[in-house]
Amino acid sequence: MVLMRCARMLFDVSLNRDVVTWNAVLNGYVKCGDVGSAKKLFDEMPERNAVSWSVMINGYVKVGCFKEALEIFNEMQRSGVRPNHAGIVGALSACGSLGALDQGKWIHAYVDRSKMELDTVLGTALIDMYAKCGSVEAACRVFEDMSRRDVYAFTSLISGLSNHGDSVMAVELLKRMGDEGIKPNEVTFICILSACARVGLVDEGLRVFESMNDVYGIKPEVEHYGCLVDLLGRAGLLEQAKDVVRDMPMEPDIYVLGALLNACRVHGDADLGNEMVEGLVSRSLDHSGVHVLLSNIYASANQWDRVERVRKGMVEKDVKKVPGCSLIKEGNVEKE
DNA sequence: CTAGGGTTAG
């Protein structure tokens, strides 16, 4: 933040300001997450090239303003500047988040028409866009069209297949990665494990979890334990899920416990849910989502007096939580 | 080659 202000001052007094320099400052604002200042500067620029536009597009994507990102992309088309790979990738990512399939298809056609090379980054962006827009078939086609596939491309398709319930294909892709000599990473395993959890492929999921360390040399992190607890919990194997939480080599985080609580809700084990929440409070782990889950557990078990107690406790805790939350957020921003 | 780009459970 402070560095950015210094950079801006230097920029303002410098005499030799070409597009490259303007873009560097523009990019500085975007890196700080300050798209507002970036847009102001962008509007003042005497000359803009493809990089200027792509920085703005990706700046909006980064802060979740996907509509604005697509508006900038369209404006770029009107102004006659040809988009570069980065601009296309940013626009595709916005399409995926908005579920804008038609716009995404148009961009795909544009990529083909202008003979842009389908490299791993552009290919992954297309796979991701199609998968998020609900067209897994198109995502698969792009995947096969690519001349080279890396771990991002594989993981993106695995995630897409998983979200559409095709977990068997997702696990098969893990095997295919081996055939193509691509090493899965920690993100790949999160996608595979959650694919197995979704459709109840318990044995397959357990095998994959074991293989992480044994075959691929990747130490499971807390996120992977969260998937494992979810896998067992959804299948109704509450005791095994509880054992995992007890024996895991690190402190369970809110998602691990959330997965276990959710399993309690689905399988109607209000007592285990209650036991867990007491554990949570004693370790001062707190999250409003836990209270929502807990009250759903009691509701499923027809224990309405307990639902009421959770509701009261929630209100109290949420009031206490507000200053703490804002402190943490400010701390993070100040680090920049 | 440059200022710019892709995957994540709940």
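Computed from a prediction, not measured in an experiment: that's the story for all the values here. Naming convention: chains lettered A, B, ... in sequence-line order (proteins, then strands); numbering from 1 in each chain.
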Task: Pairwise distance NE2(His164(A)) to NZ(Lys132(A)) - rounded to 0.5 angstrom - done: 10.5 Å
Open item on the list: Taking side-chain hydrogen bond (donor to acceptor under 3.5 Å, both in side chains) as the cut-off, I'd like each qualifying pair that reaches into residues 100-119 of chain A, sequence neighbours left out, listed once.
Closed with: His85(A)-Asp119(A), His108(A)-Tyr130(A)
Task: Validation row, ring centre Phe42(A) to ring centre Trp53(A) under 6.0 Å - done: yes
Would you mind reading off the distance between [X] atom [atom1] and [N] atom [atom2], rounded to a whole angstrom?
{"X": "Ile127(A)", "N": "dT8(B)", "atom1": "CD1", "atom2": "P", "result": "12 Å"}
{"X": "His85(A)", "N": "dG4(B)", "atom1": "NE2", "atom2": "P", "result": "16 Å"}
{"X": "Glu186(A)", "N": "dT8(B)", "atom1": "CD", "atom2": "C1'", "result": "9 Å"}
{"X": "Met129(A)", "N": "dG5(B)", "atom1": "CE", "atom2": "C1'", "result": "15 Å"}
{"X": "Tyr29(A)", "N": "dG4(B)", "atom1": "OH", "atom2": "P", "result": "16 Å"}
{"X": "Asp253(A)", "N": "dT8(B)", "atom1": "CG", "atom2": "P", "result": "18 Å"}
{"X": "Leu41(A)", "N": "dA3(B)", "atom1": "CG", "atom2": "P", "result": "17 Å"}
{"X": "Tyr152(A)", "N": "dG5(B)", "atom1": "OH", "atom2": "P", "result": "12 Å"}

Residues in ring-ring contact (aromatic ring centres under 6.0 Å, His included) contact with [X], at least two apart in sequence or another chain:
{"X": "Tyr152(A)", "result": "none"}
{"X": "Tyr225(A)", "result": "Phe209(A)"}
{"X": "Phe66(A)", "result": "none"}
{"X": "Tyr29(A)", "result": "none"}

Is a side-chain donor or acceptor of [X] paired with a backbone partner of [Y] at a separation under 3.5 angstrom?
{"X": "Thr124(A)", "Y": "Thr120(A)", "result": "yes"}
{"X": "Asn74(A)", "Y": "Leu70(A)", "result": "yes"}
{"X": "Ser194(A)", "Y": "Ile190(A)", "result": "yes"}

In chain order, what residues pass the salt bridge (Lys or Arg N to Asp or Glu O under 4.0 Å) check against [X], with sequence neighbours excluded?
{"X": "Asp43(A)", "result": "Lys39(A)"}
{"X": "Arg246(A)", "result": "Asp243(A)"}
{"X": "Arg176(A)", "result": "Glu144(A), Glu180(A)"}

At a heavy-atom distance below 4.0 Å, what parts of [range] sit against DNA chain B?
{"range": "residues 103-126 of chain A", "answer": "Asp119(A), Thr120(A), Val121(A), Leu122(A), Thr124(A)"}
{"range": "residues 174-183 of chain A", "answer": "none"}
{"range": "residues 212-240 of chain A", "answer": "Glu223(A), Asp230(A), Arg234(A)"}
{"range": "residues 45-68 of chain A", "answer": "Asn49(A), Val51(A), Ser54(A), Val55(A), Asn58(A)"}

Open item on the list: I'd like to know if Ser156(A) reaches the base of dT7(B) with its side chain, counting only an N/O donor and acceptor under 3.5 Å.
Closed with: no
TODO: Look at the side chain of Asn84(A) against the base of dG4(B) and say whether a donor-acceptor pair falls under 3.5 Å; ignore hydrogens and angles.
DONE: yes
- [ ] Ignoring backbone atoms, test whether Lys31(A) places a side-chain nitrogen or oxygen under 4.0 Å from the OP1 or OP2 oxygen of dA3(B).
- [x] no
Closest to side chain of [X], choosing from [options]:
{"X": "Ile190(A)", "options": "dT7(B), dA9(B), dG6(B)", "answer": "dA9(B)"}
{"X": "Asn23(A)", "options": "dT8(B), dG6(B), dA3(B)", "answer": "dA3(B)"}
{"X": "Val89(A)", "options": "dG5(B), dT8(B), dA9(B)", "answer": "dG5(B)"}

Open item on the list: Please report the distance separating the C1' of dG4(B) from the corresponding atom of dT8(B), rounded so that it comes out in whole Å.
Closed with: 23 Å
Task: dG5(B) versus dC1(B) - spacing of their P atoms, nearest Å - done: 14 Å
Task: Within 6.0 Å of NZ in Lys183(A), more than 12 heavy atoms from elsewhere - done: yes
Task: Leu92(A) side chain near Leu122(A) side chain, heavy-atom distance below 4.5 Å - done: yes
